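Chain identifiers are assigned alphabetically (A, B, ...) following the order of the sequence lines, protein sequences preceding nucleic acid strands; residue numbering begins at 1 within each chain. Quantities reported herein were computed from a predicted structural model and do not represent experimental measurements.
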Amino acid sequence: MTVRTRFAPSPTGMLHIGGVRTALFCWLYARRHHGTFILRIEDTDRERSTPAAVQVILDGMDWLGLHPDEGPYYQTARYPRYREVIRQWLDEGKAYHCYCTKEELEAMRAAQLAAKAKPRYDGRCRERREPRPGVTPVVRFRNPADGEVVVADRVHGDVVFDNAELDDLIIERSDGNPTYNFCVVVDDFDLRITHVIRGDDHLNNTPRQINMLRALGVEPPVYAHLPMILGPDGTKLSKRHGAVSVLHYREQGYLPEALLNYLARLGWSHGDQEIFSLAEMCQLFDLDHVNKAASAINPDKLAWISQQHLMHAPPARVAAEFAWQLGRLGMDVASGPALEPIVLAQRERARTLREMAENSRYFFRAPEAYDEKAARKHLTAEAVPLLNGIHTALAALADWNAPAIHAAIEQLAASTGVGLGKVAQPLRVAVSGGGVSPPIDQTLAIVGRDGTLGRIGRAVTWIGAQAAQSAGS
RNA sequence: GCUCCCAUCGUCUAGAGGCCCAGGACACAGCCCUCUCAAGGCUGGUACGAGGGUUCGAAUCCCUCUGGGAGCGCCA
């Protein structure tokens with residue numbers, strides 16, 4: 001039997017990190033077993049589901065590369081099928097009409113809570129034959145009254161529930177719409193889902209779903225309930241703490257495979273390995289090494305993993321996302337230097353593509369001002385002869401490339417009897433505007449000869465102006 | 001309140017009775033490398049929630065407690 005997994009988000013909010021992790025594990029499991037990954041949109045909540053939310057889910061999955069093999073299926077498109085099952089269950093006595101009003105139900109709940117009992121429907125309409133005038137009924141599933149249900153969970157082991165704890169849940173509302181737990185069961189059955197991988201907030205729903213599956217005449221699929229993901233502070237994910245749309249991570253400059261790598265390690269492990277390519281994850285993922293305990297997001301580690309991927313991904317691939325980030329900063333990529341050399345020069349000093357872009361501005365535009373501290377330290381009167389000297393040497397270079405530039409700088413340093421840093425730092429500030437950049441030869445190679453010579457000249461002029469100003473004041 | 005789940009360094013985790021006076025990773029500190037910043041290398045500190053068992057032996061098995069979390073909707 002081929003593996004069939006599904007990711008079933010409800011389009012009522014955004015697709016955040018928790019949902020993505022669930023989707024990832026479903027996708028990974030399907031890939032690992034050469035199975036089918038299905039996307040199903042659970043939009044039976046007509047009030048809160050929106051097309052925009054559906055689009056956000058689709059866009060997010062697309063950016064991440066978690067493409068479904070089947071679907072998306074929409075529950076709202078399957079209403080006739082749900083009605084059919086409900087009719088059948090009504091005929092077979094597996095479901096019944098309940099004429100209790102919302103007020104009655106509320107009173108019941110209040111009384112039970114007051115008696116320190118678990119609030120649940122008491123089954124008072126179970127044997128009712130006659131309709132009740134003026135009340136549009138709901139349909140309830142007739143849950144077995146006794147015995148127990150065992151959820152054979154791949155991450156938690158066997159979890160046993162008493163049927164006595166379960167009440168008869170509503171499967172069709174009085175407005176005729178089916179409800180979530182019921183739709184899930186019918187869909188998982190119709191779609192022949194073999195492995196239900198989802199958040200463990202659904203563990204408590206599972207025994208009811210198993211009972212309904214059995215009413216349908218099938219044995220349940222394999223279940224795997226994943227632990228929750230918590231915010232950096234160890235509390236539930238909220239808007240304040242990490243519950244942001246996945247696309248936000250793109251804006252922050254993360255490579256999708258880096259995000260996915262991080263998420264895979266949140267709750268799953270393969271010995272001591274931390275860095276995984278997509279292919280490795282697909283090959284190694286299993287349910288046996290999924291953790292049972294909830295885990296907190298650690299932004300520092302995400303950033304580190306991001307950098308690892310930046311350093312090891314093909315430069316051409318990084319360059320594509322890098323271009324997008326530069327564009328966001330208003331850089332004119334088309335008329336600037338080639339991107340791949342910049343990626344190569346910058347990737348070990350940037351944790352995200354966004355950082356890389358912010359640190360690469362001077363490759364596209366001459367600095368408008370010098371970093372104050374760096375200028376005070378390096379753009380000094382002592383630096384002027386050095387800058388003039390290197391200007392001359394660089395202007396005379398036959399070939400403009402890093403080794404040649406490096407040789408020129410070394411030669412100047414040697415002939416003037418100073419260390420390499422004495423030449424490199426003023427040069428770095430002159431060209432980049434600050435005290436930090438890739439190795440100076442690489443930096444100059446990318447900036448280009450014209451740009452470099454111009455910026456050196458401007459720095460010398462600036463030093464002169466500073467001197468004149470302080471002399472005059 | 002009831003039912004269910006969970007519990008190893010600050011964080012992510014390895015660990016399926018002896019290999020563990022607990023290993024890796026992030027973060028942190030120091031050193032090395034070095035034209036800056038990084039990257040990289042080396043070194044260091046910090047953890048089995050508590051109490052009872054079982055066993056020759058327990059982070060690993062059992063019980064209780066404590067602490068977290070989830071569910072208990074005509075929400076999904």
Side-chain angles (χ1 to χ4, degrees), chain A residues 8-13 42-45 47-49 75 98 100 102 105-106 109 112-120 136-140 151 153 156 159-162 164-167 169-175 177 179-181 183-184 199-207 225 227-228 230 232 234-236 262 265-275 288-289 291-305 307 311 346-351 359 374 378 406 409-410 413 419-429 432 434-441 443:
Chain A
S10 68
T12 50
E42 313 233 317
D43 53 356
T44 52
D45 185 348
E47 318 248 304
R48 297 194 300 154
S49 298
Q75 290 188 324
C98 168
C100 294
K102 291 186 183 181
L105 260 19
E106 265 166 44
R109 204 185 331 277
Q112 286 161 334
L113 246 16
K116 294 180 188 292
K118 185 178 188 168
R120 51 207 288 279
T136 316
V138 298
V139 177
R140 286 185 187 270
V151 179
D153 193 278
H156 293 275
V159 183
V160 184
F161 292 86
D162 244 313
E165 291 294 334
L166 275 23
D167 62 357
L169 82 166
I170 291 171
I171 56 178
E172 187 182 278
R173 303 181 174 96
S174 51
D175 65 3
N177 286 318
T179 58
Y180 166 75
N181 274 106
C183 295
V184 166
D200 67 11
D201 48 335
H202 289 285
L203 186 52
N204 286 301
N205 289 329
T206 309
H225 287 96
M228 302 275 90
L230 310 173
T235 64
K236 194 177 169 181
Y262 176 70
R265 283 290 290 106
L266 219 46
W268 175 75
S269 61
H270 181 70
D272 287 336
Q273 188 171 348
E274 299 285 353
I275 303 301
D288 300 324
H289 294 85
N291 215 87
K292 288 191 279 204
S295 40
I297 292 178
N298 182 341
D300 283 329
K301 185 153 181 183
L302 203 211
W304 176 75
I305 286 182
Q307 180 168 43
M311 290 191 297
Q346 293 281 48
R347 62 185 181 180
E348 63 236 24
R349 60 205 99 230
R351 312 214 295 175
N359 296 339
H378 302 294
H406 188 79
I409 294 172
E410 253 185 349
L420 207 53
K422 285 285 181 207
V423 183
Q425 277 310 88
L427 197 45
R428 172 170 280 118
V429 180
S432 74
V436 175
S437 89
I440 195 65
D441 49 354
T443 302

Look for any protein N or O under 3.5 Å of an N or O in nucleotides 9-13 of chain B and output each such pair with its distance, or none.
from	atom 1	to	atom 2	distance (Å)
B/C12	OP1	A/A296	N	2.9
B/C12	O2'	A/R265	O	3.0
B/C12	O2	A/K301	NZ	3.2
B/U13	OP1	A/G267	N	2.5
B/U13	OP1	A/S295	OG	3.3
B/U13	O3'	A/S269	OG	3.4

Between the protein and nucleotides 64-66 of chain B, list the N/O to N/O atom pairs that are separated by less than 3.5 angstrom.
none

Polar-atom pairs under 3.5 Å, protein N or O versus N or O of nucleotides 31-33 of chain B: list them with distances, or write none.
none

Below 3.5 Å is the cut-off: list the nitrogen or oxygen pairs between protein and nucleotides 3-5 of chain B, distance only.
from	atom 1	to	atom 2	distance (Å)
B/C5	O3'	A/H156	ND1	3.0

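Taking A/H289 as the reference, A/W268, A/S269, A/D286 meet the side chain to side chain contact (heavy atoms under 4.5 Å, CB included) condition, with sequence neighbours excluded. Scanning for side chain to side chain donor-acceptor pair (under 3.5 Å) contacts around A/K292 gives an empty result, with sequence neighbours left out. Under the salt bridge (Lys or Arg N to Asp or Glu O under 4.0 Å) criterion, A/D272 pairs with no residue, sequence neighbours left out. Judged as a salt bridge (Lys or Arg N to Asp or Glu O under 4.0 Å), and not counting sequence neighbours, A/D441 has no contacts. The side chain to side chain contact (heavy atoms under 4.5 Å, CB included) check on A/H202 picks up A/Y180, A/R198, A/N205, A/H225, with sequence neighbours excluded. The salt bridge (Lys or Arg N to Asp or Glu O under 4.0 Å) test applied to A/R265 returns A/E274, not counting sequence neighbours. Partners of A/A294 by side chain to side chain contact (heavy atoms under 4.5 Å, CB included), not counting sequence neighbours, listed by chain and number: A/M228, A/L230. Listed by chain and number, the residues in a side chain to side chain contact (heavy atoms under 4.5 Å, CB included) with A/D300 are A/N298, A/R351 (sequence neighbours excluded).
In this structure, of B/C37, B/C74, B/C35, it is B/C37 that holds the atom nearest to the side chain of A/V436.
The side chain of A/Q273 contributes no N or O atom lying less than 4.0 Å from OP1 or OP2 of B/A25.
Counting to the nearest Å, the P atom of B/C2 and the CG atom of A/D167 are 18 Å from each other.
Side chain A/T179 to base B/C74: no donor-acceptor pair is found below 3.5 Å. A donor N or O paired with an acceptor N or O is found under 3.5 Å between the base of B/C35 and the side-chain atoms of A/R428.
No engagement by A/S432 is indicated, since no non-hydrogen atom pair under 4.0 Å with the nucleic acid exists. Here A/R109 lies in heavy-atom contact (under 4.0 Å) with sugar-phosphate atoms only. Note on A/P439: a base of the nucleic acid sits closer than 4.0 angstrom, heavy atoms only.
Base-pair partner of B/G44: B/C28 (Watson-Crick or G-U wobble, both distances under 3.5 Å).
Rounded to a whole angstrom, the distance from the P atom of B/A50 to that of B/A7 is 15 Å. With both ends at atom C1', the span from B/C65 to B/G71 equals 23 Å, rounded to whole Å. When the P atom is compared between B/A58 and B/C19, the two are found 11 Å apart, to the nearest whole Å.
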